Structure formats: C-alpha cells, structure tokens
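Inspection log for the structure reproduced underneath, given as structure tokens.
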Amino acid sequence: MEDVLQQITQYKKEITEFTSADKNIAETFRIKYLGTKGVIKSVMGEMKNVPNEKKREFGQILNEFKLFAENKYQALRESTVNRLQSTVDHSIDLTLPGDALPLGSRHPISLVRNKIISIFQRLGFAVAEGPEIEDDWHNFTALNLPEDHPARDMQDTFYISQNPDWMLRTHTSNVQVREMEKGKLPIRIICPGRVYRNETISARAHCFFHQVEGLYIAENVSFADLKQTLYFFVKEMFGQDVKIRFRPSYFPFTEPSAEMDISCLICNGEGCNICKQTGWVEILGCGMVHPNLLENCKIDSNKYSGFAFGMGIERITMLKYQIKDLRLFSENDVRFLKQFTSAI
Ligand code: PHE
C-alpha cells in the first residue's frame, strides 16, 4: 500500500504540472487520468490488495485523488473554452461588409436649379453667368430703369458703401445685359444665380435668394414663342396636368409684360393658404424685351425682337416639395437637408 500512496503523490505532482501541446488538452488529460484505462481506474484496482482494516482510509485517499483529478479536468476545460471565446471576441471578421461612408445630399435649391437648367437646355438654351456685385448700368440703367425711375423702388437694393455705383445684383438680368452687349446674335440663354434684396426675413422672403432668368433674341420672336417655351417648361417641371394662366403685368424691361400662374399643387386649385384661397400661385414674370434695352445694347430693334422671363428657384422648390418656410433653405439644418437624396 505504501507504494500506491507514493504513486498517488507522484501522480498528483504530475497532474498539477500537466501541460500538453495538443489544443484539445482537457480531452488528453481526461483520457490519461479519468478514462476507462486511465490512471485513476488502475489505482482504484489496487483496492483489492489493501487489507480490510485499511480499506476505509485508502478509500478516502482514493476519492480525494479522484476529486483532485476531476477538478483539474474541469479547470482545463474552462480555460480552453475561455481561450476560444476570447479568440472570437478579439478577432476581426474579414468577411463583414465595411461601414458605408455617410454620403451628403444635394441642396434642394441645387436639385431644382439643375432640373430647370436641363429642361431649358433641351430647348437649346445655354447657361450664362455673371457677377453678383454689379454696377448701376448692368443692374438698372441698361434695363430701361434710368436713375429716377420709380420702379427702382420695387427692388430694395443693397448698395456697396465704398462706391454708390456698385450694388449686390437684385436680379440675374445683369447677365442678360452683358450677353446682349457682346453683340453675338441670336441669343438663347438662361441665367441661374444668387440675387440680393433688402427685405425683412420671413417665411416668404429673404435678403438673398436664387433666380433663373431666360432671354431669347432673334428675328421674328413673338409672344407665342414665349408662351410655348414656358408651357413646355411648366409641364416638364410640374407634370402634364398642371394648369397655366398669364396675367398682364408691368416690368420696365419688357413690353408687353405678364406674370404666369400655375394651378396650386397643394390643393389642386381648390383653395388653400398657400395659394391664398385663389387656387393659383404665381411662379414667374415675363414679357417681350423692351426695344430700349436692345438699343441700349446696340442691337437693332427693328430687326431683332425677343422675350425674357425670370423666376425664383425658392418659390418653385417650395411648391415642388411643399415647403412652407423659405428660411429652411439657408439654415443648414441636416435634418432638413438630408431628406433630398435623389435627383428629380
Ligand atoms: N427681373 C425680374 C425680377 O427679378 C424678372 C423678370 C425677368 C421679369 C424678365 C420679366 C422678364 O423680378
């Protein structure tokens, strides 16, 4: 029996120091010590050689040894499970798709401006641009608004304090003058851009906004051409069902002049607070180019005639997307801007 006890002490030492290169270390241990042909079983076999009076004591030693081996086995299993789990936690799954880069979206004013431009481009209009700081001649005088003309009050102008002849343009008509001065005819242009007026900021007005103006000058241009062009534009922009009407109006640069209304898209012409219960909303001003303008730009008004029109992009965008407050366009609130993701 002494031999066996010595053996057990030796085994215990072995068990404490047990290691294996096998990644299934717990199973290797189990087979060696706890298996049917393992160490524990063979030590148990010694029981029959133990004298009766010692059986009880030996039994206790054996049980304690078995428990010792079982605890070690348990510890080995837990450590491999933990090791496996920790490999899972810290490893990188290369098959996972990456995080998509957040994409910005186009500003609604840009979307609508691009749409307006593409419609007129299909009719042969070219885009022309010009300065936002303009002199009196190009913003007013050449457009048939001499210095003391009362219509200058229609557009509250921001003047540049260093030079009373300079101002922030109140419309993109300045670009039309610059194109006419180049003297290359015929002219068929649209002029998108930012304009400035000294207005109190509210849901319906701002001190800057965006316009697209158009100009067509050639021989024999008539009001019918103007109407046809604008009809085409409105149907392409708002759909075939929208209704259109012209109202006589006044602009110093055109004669005759008109304003164009479309049937209200919000209430379908039935009357709401957007259209002020009329069923119609005004979207642009237009008319036949005043002969004085042609002469101011050295174009023979007996030979050439033309039409012009101008619209506010904000107004069209508000109708298109049913936006009720114009200030949203310049506040840069992402919650507002991110809603306009696709081209129109
Ligand atoms: N320039 C005008 C405005 O800013 C718009 C317009 C352009 C009207 C051309 C008629 C013809 O209000």
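For ligands, and for the atoms within them, numbers begin at 1 and follow the listed sequence. Values below: all heavy atoms of this structure, side chains included; hydrogens, waters and symmetry mates excluded. Just so it is clear, the model here is predicted, and its values are computed rather than measured. The chain is numbered in sequence order, starting from 1.
Residue Phe251 approaches ligand 1 through these ligand atoms, each under 4.0 Å from one of its heavy atoms: 8 (C), 10 (C). Near Ser173, meaning under 4.0 Å from any of its heavy atoms, are these atoms of ligand 1: 1 (N). When each atom of ligand 1 is checked for a heavy atom of Phe309 under 4.0 Å away, the hits are 7 (C), 9 (C), 11 (C). In summary, the atoms of ligand 1 found under 4.0 Å from a heavy atom of Gln211, numbered by their order in the structure, are 3 (C), 4 (O).
Under the 30°/60° scheme for interplanar angles, the aromatic rings of Phe120 and Phe309 are found to lie parallel. Between His149 and Tyr250, the ring planes are parallel. Angles under 30° get that label, and only those over 60° would be called perpendicular.
In this structure, Gln176 has no heavy atom closer than 4.0 Å to ligand 1.
Between Phe253, Tyr250, Phe209, Phe307, it is Phe253 that holds the heavy atom closest to atom 6 (C) of ligand 1.
Using a 4.0 Å cut-off between a side-chain N of Lys or Arg and a carboxylate O of Asp or Glu, Glu181 and Arg178 do not qualify as a salt bridge. The residues Asp156 and Arg197 are annotated as not salt-bridged, no charged nitrogen and carboxylate oxygen being separated by less than 4.0 angstrom. For Glu236 and Arg122, the salt-bridge test passes: some basic side-chain N is under 4.0 Å from an acidic carboxylate O.
Protein heavy atom in closest approach to atom 5 (C) of ligand 1: Glu213 OE2, 3.6 Å. For atom 12 (O) of ligand 1, the closest heavy atom belonging to the protein is Arg197 NH2, 3.7 Å.
Val175 and Phe307 are not part of a single hydrophobic cluster, where members link through side-chain heavy atoms under 4.5 Å apart.
Within the 4.0 Å heavy-atom criterion, neither part of Ser257 lies near ligand 1.
Both tests hold for Lys12 against Phe68: distance to the six-membered ring centre under 6.0 Å, angle to the ring axis within 45°.
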